[in-house]
Amino acid sequence: MRSVSELDITPTKTRQSFGAVRSVYVACLFTVLCLTGWQPGFSPPAMAQDAPASTEAPESSAASPKDHAKPPAAAQPDKKTELPSWLQGVIGNRAPPPKEPFVSNPTPFGETQPTVPLYQEIPGFLQASYGPPSFGPPYGTTHLFGDWGGIQPWLQKRGLYFALDVYEDIAGNVSGGKRRAYSNAGQVGATLDVDWQKLLHASSWSDDLWLHMLVVNGHGTNLSRLYGDNSNQVQQIYGSRGNVVAHLVWTYFEKAWLQRKIDLAVGWIPPGAFFQNSPWVCNFMNVWLCGGESPTKFMTGGRGWPSGNIGGVLRVMPIRQFYLMGGLFAVSPHAYNGGISGWSWGQDRLGKLSSQFEAGWIPEFGRNHLIGHYKVGIMYDNSRYNDLYEDINGAPWVLTGQPARKQSGQTSVWVLADQMLVRHGPGEMNGLILGGYFGWGSGKTSQISHSFTTVLMDTGALWKRPLDSVGIAFLWSKFSRSAILSQEAAASANLPLPGANYGIPYGIQGHEAIYEAYYGFHVMEGFTIKPDFQYVNHVGGTTVFKDAVVLSTAINIAF
């Protein structure tokens, strides 16, 4: 588990004060600055690695080399303190923000990212709640083995951030389903993040230039398939990895400009990790949430973690509370993007493109900075897909044997929101949070057309366990009318039921609902244990089997 440490951010420069001659332009400046979303420049946060919990400020060694070249801004005389506070805010003469302790997300479990108080600066992709999840540094991960005998600090001074993580989930359905079963599903993951400015000591072109890479080894058995659910997975870590030693999740370059107001990522990227994502989704076990949400992540053009696509993501964030983000990806028509290993980028038939767009608002209410995430997005894939029901003449193809009608394009939309109601610590997830998600996909080509989720989460601060976490969730998905009509037609003729992107059903499908509750124990640095309960209503979207009760325990170790 990540430790509680502190973050000290000081302004990298103080703007020259306005003279009396320029005072007549203040009103104009105010208007222009508000429209452009200008903010004073701050140096990136010094993410303390493996620092013990403390109530004192970290030593200056956590600051950047540039910060060592001059005394802290608080020690420098400020000649503009006589100006009104509102005017100082306009012209950038703001006092340093209060020192807030840095607290990681209390339940990393291999797929969530730590957070810093959001009012401090515009983050890079991996530090953002709308970027891909990662368990690795340089974003605050603590290690079971500390600093590796000095190896970690030596690497990080040279811009090389490396982490190794092991996740295991032992689960079983104690009642219901096709049969009683149990399984273990897990992964070993390694991240490498390269800060080219530190590595090369180059000029300004290397500022905010990174290389990010994540490789995992997935292993185990899918419990949901064992007890008869081909539409959902109750284990977070399973699927899309292939039976290979090292599956490539992502490798891409990230470059930011204008103090990260513009951020570009190009390379091998999981679309569902950048879009329709929030910091809490992987706190829960069920895979309908983690790594992107259903139904978008199960569509070929929007596949989520750990399936990647060749493409790019551009984010524009004029102010800290608002962003616009767009992505363009090559669509792989194969069962595995990049082959079973994720390394085969030169697959055939990659001519079609998927585009995604998302707008997000990240407000903070009150002096306690009650953080919210509100986002809406859309995906359009210009590939052609088989209609789930109609043939080329409009009749059910499952009966006529005629080719299925081709639908031009596939669309999905999503709305995702969460709001902290009560704060119990300074981090993004340290408090009582209410969240929800709604997603829609083209029902003519997607087996599930609607999904809805609501969650309630908190940490264990109230019972003196601030790094523990607890949460409950309700997940519901509706199967599309086209899929149901095709299944009904097949059943009437005693034919095998057709499936689609959510697998072969055991009966005619309608909807499926999941009730989930978990508690995450922070055992020691880099070591967490999470018991989880799930009640599966309408297993696989049918009434063929009795509702299933699934108990599981996940163990996560960050070495």
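Just so it is clear, the values below take in all heavy atoms, side chains as well, and ignore hydrogens, waters and symmetry mates.
- Scanning both residues, His511 and Asn537, for their nearest heavy atoms gives NE2-OD1, 4.0 Å.
- Closest non-hydrogen pair, His522 versus Asp468, comes out as N-OD1, 2.7 Å.
- Scanning for salt bridge (charged side-chain N to carboxylate O under 4.0 Å, His left out) contacts around Glu168 gives an empty result, with sequence neighbours left out.
- The aromatic rings of Phe125 and Phe274 stand perpendicular to each other, their planes meeting at an angle above 60°, with 30° marking the opposite boundary.
- Considering all non-hydrogen atoms of both residues, Gly443 and Ser480 come closest at O-OG, 3.0 Å.
- In this structure Phe474 satisfies the ring-ring contact (aromatic ring centres under 6.0 Å, His included) test together with Tyr515, sequence neighbours excluded.
- Note: Gln487 CD to Leu497 CG = 6.0 Å, rounded to the nearest 0.5 Å.
- Salt-bridge check for Asp381 with Lys352: failed, with every basic side-chain N at 4.0 Å or more from each acidic carboxylate O.
- A donor atom on one side chain and an acceptor atom on the other are found under 3.5 Å apart for Asp387 and Gln407.
- Between Phe275 and Phe329, the two ring planes are perpendicular [angle over 60°; tilted spans 30° to 60°].
- At a cut-off of 3.5 Å, with distance as the only test, a side-chain donor of Asn386 or Lys406 sits close to an acceptor on the other residue.
- Around atom CG of Leu328, more than 12 heavy atoms belonging to other residues, nucleotides or ligands sit under 6.0 Å away.
- When all heavy atoms are compared, the tightest approach of His373 to Ser278 is CB-OG, 4.1 Å.
- Considering only residues two or more places apart in sequence or on other chains, Phe284 meets the ring-ring contact (aromatic ring centres under 6.0 Å, His included) condition with Tyr518.
- Atom NZ of Lys261 is separated from atom CZ of Arg315 by 12.0 Å, given to the nearest 0.5 angstrom.
- Between Phe533 and Val550 there is no side-chain heavy-atom pair separated by less than 4.5 Å.
- Every residue meeting the ring-ring contact (aromatic ring centres under 6.0 Å, His included) condition with Tyr519, not counting sequence neighbours, appears here in chain and number order: Phe521.
- Between Phe322 and Trp361, a ring centre-to-centre spacing not shorter than 6.0 Å is recorded.
- Here the straight-line distance linking atom CE of Met379 with atom OG of Ser355 works out to 8.5 Å at 0.5 Å rounding.
- Once rounded to the nearest 0.5 Å, the distance linking CD1 of Ile378 with OG1 of Thr411 reads 6.0 Å.
- Residues meeting the ring-ring contact (aromatic ring centres under 6.0 Å, His included) test with Trp268, sequence neighbours left out: Trp345.
- Here the OG-NZ distance, from Ser552 to Lys530, works out to 9.0 Å after rounding to the nearest 0.5 Å.
- The list of side chain to side chain donor-acceptor pair (under 3.5 Å) pairs with a residue in residues 169-182, not counting sequence neighbours, reads Lys178-Tyr506.
- When all heavy atoms are compared, the tightest approach of Arg405 to Asn393 is NH2-C, 4.1 Å.
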